[in-house]
Student: 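Before I ask anything, here is the structure I am working with.
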Amino acid sequence: MIQIHDRDEVERIRESAQIVGRCLRMLSTEIRPGTTTLDLDRLAEEFIRDSGGEPAFKGYRGYPASICTSVNEEVVHGIPSAKRVLREGDIVSLDIGVKRKGFFGDAARTYPVGEVTAAATKLMDATARALEAGIERSRAGRRVSDISAAIEREATRAGFRVVRALVGHGIGRELHEEPQVPNYGRPGEGPKLEEGMVLAIEPMVNAGTADVLTLSDQWTVVTADRKLSAHFEHTVAITANGPMVLSRVEAD
Ligand code: MF3
Ligand code: CO
């Protein structure tokens, strides 16, 4: 069953999602050669707790850190480590969840470390555009797969492939709620979108094959061909006035 949230509930989700958005913005200023992914995790946890929230991923199904930090061929769920030093030319995806006053927010974004290749920039830009295309279709009366199809179209138009093994999701009182929001598919299918639904829309886009594997740490998802991957995510409410991007912050 898909949860319908009233305006107060959407506002609570927005407050959590705003902490996520501000945390991403703060971390983006710390991304440079020499920063470790554990540095980013520590800064994020401090920021989230100072903001009155809890890092939602910590302990989730045994996940050992506060945020996910996925470098280059890592798609999602990279575990922060003092040994993982960011280097010039890397791309790093930061995925953050916050719980506050019983409601969750979730967002992610891929950043360049110093100067990166034109190919890496193209991949990040296409993934960001795919997310925006999905957000634009997040309207009452449309169907979930209208979002999916718009994302896939934008990514494939740029010559890339969307990951099929992982999907977006409803969000609210739980981190993961119904419905699933795939990043591929034909339009006009799946549940009808209604005012009060809140979705975490999260395209994961690969430079090469769509196939992914999980490493022996049981978390880190990598591309099967070890080519680059990017991940952008927003928490989005379906409202009478169209899509409301709850995790968007200024200068985002
Ligand atoms: N943002 C991810 C998602 O939407 C959550 C990471 S899984 C966790 O599924 F275990 F790290 F929390
Ligand atoms: Co998510």
Side-chain angles (χ1 to χ4, degrees), residues 2-3 5 13-14 16-24 27 37-38 40-42 44-45 48-49 53-71 74-81 84 92-100 103-111 127-128 130-132 134-135 138 144 147-148 151 162-184 197-205 212-222 229-238 243 245-248:
I2 302 178
Q3 298 298 325
H5 303 277
I13 300 168
R14 197 182 75 85
S16 293
Q18 284 287 298
I19 295 170
V20 174
R22 292 199 301 269
C23 188
L24 283 169
L27 291 179
T37 55
L38 187 65
L40 298 174
D41 188 80
R42 295 237 165 99
E45 178 161 4
I48 291 165
R49 295 199 189 279
E54 290 169 48
F57 300 166
K58 197 164 205 175
Y60 181 85
R61 297 180 180 222
Y63 186 72
S66 289
I67 66 171
C68 300
T69 55
S70 308
V71 182
E74 297 172 357
V75 179
V76 288
H77 305 167
I79 301 172
S81 163
R84 190 71 199 240
V92 58
S93 303
L94 305 182
D95 190 351
I96 305 179
V98 165
K99 183 181 191 185
R100 183 169 172 274
F103 289 87
F104 288 86
D106 187 7
R109 188 173 180 128
T110 304
Y111 297 93
T127 309
L131 172 56
E132 293 303 323
I135 291 168
S138 302
V144 167
I147 298 171
S148 311
I151 289 170
V162 299
V163 173
R164 304 169 79 92
L166 297 150
V167 297
H169 49 95
I171 183 168
R173 291 182 192 274
E174 303 291 340
L175 177 60
H176 296 129
E177 296 184 353
E178 287 180 50
Q180 295 200 136
V181 184
N183 297 302
Y184 62 91
M197 291 181 181
V198 180
L199 305 175
I201 304 174
E202 50 179 320
M204 290 145 271
V205 177
V212 298
L213 316 164
T214 304
L215 297 183
S216 59
D217 66 12
Q218 302 299 321
W219 280 104
T220 311
V221 176
V222 299
S229 185
H231 179 210
F232 283 72
E233 175 177 26
H234 270 308
T235 295
V236 180
I238 314 297
V245 184
L246 304 179
S247 48
R248 179 125 48 212

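Computed from a predicted structure; not experimentally measured. Counting starts at 1 for both ligands and their atoms, in listed order.
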Student: State plainly whether the residues R248 and E233 are in salt-bridge range, i.e. N to O under 4.0 Å.
Tutor: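 Salt bridge between R248 and E233, a charged N being under 4.0 Å from a carboxylate O: no.
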Student: Is it true that H169 lies under 4.0 Å from ligand 1, counting heavy atoms only?
Tutor: yes
Student: What part of R61, side chain from CB on, backbone N/CA/C/O, both or neither, has a heavy atom under 4.0 Å from ligand 1?
Tutor: neither
Student: Mind checking whether C68 has a heavy atom under 4.0 Å from ligand 1?
Tutor: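 Heavy atoms of C68 do come under 4.0 Å of ligand 1.
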Student: Which atoms of ligand 1 are found less than 4.0 Å from any heavy atom of E202?
Tutor: 3 (C), 4 (O)
Student: Any N/O/S atom from H169 (main chain or side chain) under 2.8 Å of the Co ion (ligand 2)?
Tutor: yes
Student: Show the atoms of ligand 1 that are less than 4.0 angstrom away from any heavy atom in E233.
Tutor: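 Those qualifying, in numeric order: 1 (N), 4 (O).
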Student: Can we say R84 and E74 salt-bridge, meaning some charged N sits less than 4.0 Å from an Asp/Glu carboxylate O?
Tutor: yes
Student: If the cut-off is 4.0 Å to any non-hydrogen atom of H77, which atoms of ligand 1 fall inside it?
Tutor: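 In order of numbering, the contacting atoms are 6 (C), 7 (S).
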Student: Mind reading off the angle at the Co ion (ligand 2) between the OD2 atom of D106 and the OE2 atom of E202, rounded to 10°?
Tutor: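 OD2 of D106 and OE2 of E202 make an angle of 170° at the Co ion (ligand 2), to the nearest 10°.
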Student: Using a plain distance cutoff, I'd like to know if Y63 has any nitrogen or oxygen under 3.5 Å from a nitrogen or oxygen of ligand 1.
Tutor: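 No, no N or O pair falls under 3.5 Å.
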Student: Under 3.5 Å between some N or O of ligand 1 and some N or O of D95?
Tutor: yes
Student: Establish, from distance only, whether the side-chain atoms of H169 and Q180 form a donor-acceptor pair under 3.5 Å.
Tutor: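 There is no such pair between these side chains.
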Student: Considering only heavy atoms from C-beta outward, does the side chain of E54 approach that of V98 to under 4.5 Å?
Tutor: no
Student: Specify the protein heavy atom at minimum distance from atom 3 (C) of ligand 1: its residue, its atom name, and the distance to 0.1 Å.
Tutor: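 Going atom by atom, the protein heavy atom closest to atom 3 (C) of ligand 1 ends up being H176 NE2, 3.2 Å.
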Student: To the nearest 0.5 Å, how far apart are SG in C23 and CD1 in I67?
Tutor: 6.5 Å
Student: With heavy atoms under 4.0 Å as the rule, classify the contact between A108 and ligand 1 as side chain, backbone, both or neither.
Tutor: neither
Student: Just by distance, no angles: are the side chains of T110 and H231 close enough, under 3.5 Å, to form a donor-acceptor pair?
Tutor: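 Looking only at side-chain atoms, H231 and T110 do not form any donor-acceptor pair under 3.5 Å.
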Student: Provide the number and element of each atom of ligand 1 under 4.0 Å from a heavy atom of W219.
Tutor: 10 (F)
Student: Do W219 and C68 come within less than 4.5 Å of each other through their side chains, counting heavy atoms only?
Tutor: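 W219 does not reach C68 side chain to side chain.
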Student: Can you tell if the side chain of T235 reaches within under 4.5 Å of the side chain of I13, non-hydrogen atoms only?
Tutor: yes
Student: If you look at E233, which of its N/O/S atoms is nearest to the Co ion (ligand 2)?
Tutor: OE2
Student: Is it true that the NZ or CZ of R164 lies under 6.0 Å from the centre of Y184's six-membered ring and within 45 degrees of the ring axis?
Tutor: yes
